[in-house]
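When a ligand or atom number is given, it counts from 1 through the structure's own listing order. All heavy atoms count here, side chains included; hydrogens, waters and symmetry mates do not.
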Amino acid sequence: MMEYPLTLKNLLERNRLLFSKKEVFSRLLARDFRYTYGDYQKRVRRLANVLKELGVAPGDRVGTLAWNHHRHLELYFAIPCSGAVMHTLNLRLFPEQLSYVINHAEDKVIFADPDLLPLLERIAPDLKTVRHFVVMADEGEQLPETRLSPVHSYEELLSRAPEEYDFPDLDEWSPAAMCYTTATTGNPKGVVYTHRGLFLHSLACAAADMMGIREEDVVMPVVPMFHANAWGSPFVAVWMGSKLVLPGRRLDPGSLAGLIEQERVTITLGVPTIWLGLLQLLEGGAKYDLSSLCFLLVGGSAAPEGMIRSFREKYGLYVQHAYGMTETTPLATLTRIKSYLKDAPADRFYRVAAKQGVIAPGLEMKVVDEAGREVPWDGKTMGELCLRGPWIAKEYYREPERSAEAIRDGWLHTGDIVTVDEEGYIFIMDRSKDLVKSGGEWISSVDLENTIMAHPAVAEATVIGIPHEKWQERPLACVVLKEAYKGKVSKEDILDFLRDKVVRWWIPDDVVFLEAIPKTSVGKFNKKQLRQMYAEGKLATG
Ligand code: AMP
């Protein structure tokens, strides 16, 4: 066979040759915008010329600080296909983390949305390597007043740039993109994606038993393009020629439901909190035609079984559960219900649907106990999930010590504690640090909170371990009630609900009712903050 490099150029070229009539929809701050992939291709080439003009050389890192929109999609291909490395910046990081990652990656140019400039201005004095800022204001729109310098207008640069550009033939091992993941302790850790890794990951995502993204699909990534490359969906959609719907910064359930209805979205991707919001909107009586949807892809944290069930039974919508991490590009497992399990009784069906799924084709997994021995596939024994394969990180960027800690003997040790059942479905019980260690036994906070979220009055719930003299740790449930139930449901009601669903020693010692559960920069329950609030006496227990 030929030695053919697996690079993103193939994705871009296939799109150019075959799909110039297909559309991209983009929600901007002030208006909705749409154009064809034909127009997209021309602008990607102009943008590649702009990068050259700004002095971006092969291997240089280029930052993006942006919502999901068409300009961000242009950067997604112009940067890597011209040989540079796209560094997507998480706009929800704390300022000091943001300046850390920009300096650590040594970003040379940053492309930013106009509404995010204040964030950059705050950290600008600390940025050591950035030579240009490019503001992605709309055509004809005045650039906002800014202290950043030198600053350019994206549209102006593009309008002056030539439309011809020959993308180079790159080595498949060359870096294409990078992304930092926030660590529980210490600075964020960088993961570099090679062209080869992204190519193979995109193939796996497109496979029918994985995301199954086809030309006829209309794909709406709600997951930010800075969160593990929107789980790879922009790369796959461009390759397959699927219409993309990019929802910008308006991510409230009503706006999203409106877009699904208006653009006839077939596949949409997001974290559970997004879909819990949509479910509440529908349960509140809002009417939208969501019949175009094949499935809602959910990942990033555990999708509660109750949510999956409600969507399907009340609205006929299938929630497809997937698991991965920044280090795994990210797709690692996905739950397709095997053919012979499809007609299983409802309880069994939803139990499987709520699991994180089976290993993606192309990857390998093993689950090991503390001594490194593989645990049996019995759906009960917990162990740490380890992964290897062509889109699994082999190191953190310029972090030899932390790399050696996580990647050992050729396996990425994910830090996720799971069980595997007889069918090979993995179920994430917890991050190893979030497990509640009670009297030498482990309680899965995820399992417990999902059980609580099945209570009809509960909007959101999370469980943390709090120090206990005798048992070392005990679970504490933090619960947000749905509006209609506030003041009408007591701690005892919640605990009673659990009594026939979990073993006695799993029942939380206490329940606190909150207005909202604090979230991390990528929309997950922020257990670190809750533990801190508890330590500071800010969670009213007792
Ligand atoms: P990140 O790199 O920010 O995407 O975080 C990755 C981590 O999120 C994983 O190591 C898991 O702990 C968690 N995670 C991702 N997907 C899921 C899922 N479907 N269910 C439970 N946890 C998940």
Side-chain angles (χ1 to χ4, degrees), residues 88-90 92-93 97 101 177-184 188-193 201 210-211 221-233 269-276 295-305 307-308 319-336 352-360 365 367 382 384-387 391-393 396-397 402 406-407 412-420 425-435 444-450 453 462-463 519-528:
T88 48
L89 297 163
N90 180 343
R92 297 203 186 88
L93 288 184
Q97 289 178 321
V101 301
M178 70 187 300
C179 197
Y180 281 74
T181 169
T182 45
T184 20
K189 300 180 281 190
V191 175
V192 176
Y193 306 107
H201 178 261
M210 291 286 115
M211 293 184 196
V222 178
V223 50
M225 288 166 83
F226 58 76
H227 185 197
N229 303 321
W231 305 344
S233 56
L269 308 88
V271 291
T273 44
I274 295 278
W275 306 132
L276 281 166
F295 57 84
L296 303 146
L297 190 106
V298 62
S301 27
E305 188 178 321
M307 176 184 92
I308 299 176
V319 176
Q320 181 79 60
H321 200 186
Y323 157 85
M325 55 202 303
T326 303
E327 292 85 334
T328 65
T329 311
L331 182 71
T333 70
L334 190 139
T335 303
R336 287 277 175 186
V352 179
K355 296 191 178 195
Q356 280 74 8
V358 296
I359 190 77
M365 71 165 208
V367 177
M382 294 189 215
E384 185 182 15
L385 176 67
C386 302
L387 296 167
W391 57 90
I392 306 295
Y396 292 108
Y397 185 59
R402 292 161 103 190
I407 300 112
L412 169 74
H413 293 249
T414 62
D416 287 315
I417 304 299
V418 308
T419 59
V420 195
Y425 288 94
I426 66 154
F427 189 46
I428 310 246
M429 305 302 284
D430 240 324
R431 290 294 295 161
S432 51
K433 59 184 187 298
D434 290 335
L435 276 173
S444 156
S445 66
V446 177
D447 212 3
L448 200 46
E449 60 206 28
N450 284 342
M453 278 190 271
T462 191
V463 170
K519 309 269 168 26
T520 69
S521 60
V522 285
K524 306 182 188 190
F525 293 146
N526 193 337
K527 297 193 183 185
K528 192 163 97 177

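Of all the listed residues (Gly299, Ala354, Gly300, Ala322), Ala322 holds the heavy atom that lies closest to atom 19 (N) of ligand 1. The residue from Asn90, Leu297, Asp416, Leu334 that puts a heavy atom closest to atom 9 (C) of ligand 1 is Asp416. Closest to atom 5 (O) of ligand 1 by heavy atom, among Met429, Met325, Lys524, is Lys524.
In this structure a side-chain-to-backbone donor-acceptor pair under 3.5 Å is missing from Asp430 to Ser432. The main-chain N or O of Ile407 is never found under 3.5 Å from a side-chain atom of His413 such that the two would form a donor-acceptor pair. Listed for the Asp416 side chain is no donor-acceptor partner under 3.5 Å among the backbone atoms of Leu385. The closest donor-acceptor contact from the side chain of Trp275 to the backbone of Gly270 lies under 3.5 Å.
The single protein non-hydrogen atom nearest to atom 4 (O) of ligand 1 is His227 NE2, 3.1 Å, given as residue, atom name and distance. Closest to atom 20 (N) of ligand 1, if we only count protein heavy atoms, is Gln356 NE2, 2.8 Å. The protein heavy atom nearest to atom 2 (O) of ligand 1 is Thr326 OG1, 2.6 Å.
Interface atoms of ligand 1 facing Arg431, defined by a heavy-atom separation under 4.0 Å, are 10 (O), 12 (O). Heavy-atom contacts of Ala302 reach the following atoms of ligand 1: 18 (C), 20 (N), 21 (C), 22 (N) (cutoff under 4.0 Å). Which parts of ligand 1 touch His321 is read off a 4.0 Å heavy-atom cut-off, strictly below it: atoms 18 (C), 19 (N), 20 (N). Residue Gly324 approaches ligand 1 through these ligand atoms, each under 4.0 Å from one of its heavy atoms: 6 (C), 9 (C), 15 (C), 16 (N).
The side-chain heavy atoms of Tyr397 and Lys189, taken from C-beta on, include no pair separated by under 4.5 Å. A 4.5 Å side-chain heavy-atom check between Tyr323 and Ile428 finds at least one atom pair inside the cut-off.
Using a 4.0 Å heavy-atom cutoff, Ala228 is absent from the residues neighbouring ligand 1.
Scanning for side-chain contact (heavy atoms from CB on, under 4.5 Å) contacts around Thr520 gives Val522, Lys524, Asn526, with sequence neighbours left out.
Residue pairs meeting the side chain to side chain donor-acceptor pair (under 3.5 Å) criterion with at least one member in residues 324-333, sequence neighbours excluded: Glu327-Tyr396.
Using a cut-off of 4.0 Å between Lys/Arg side-chain N and Asp/Glu carboxylate O, Arg431 and Glu384 are scored as not salt-bridged.
The proximity of Pro330 to ligand 1, defined as any non-hydrogen pair under 4.0 Å, does not occur for either the backbone or the side chain. Contact annotation for Ser301 and ligand 1: only backbone heavy atoms (N, CA, C, O) come within less than 4.0 Å of the ligand.
The shortest N or O to N or O distance between Thr414 and ligand 1 is not below 3.5 Å.
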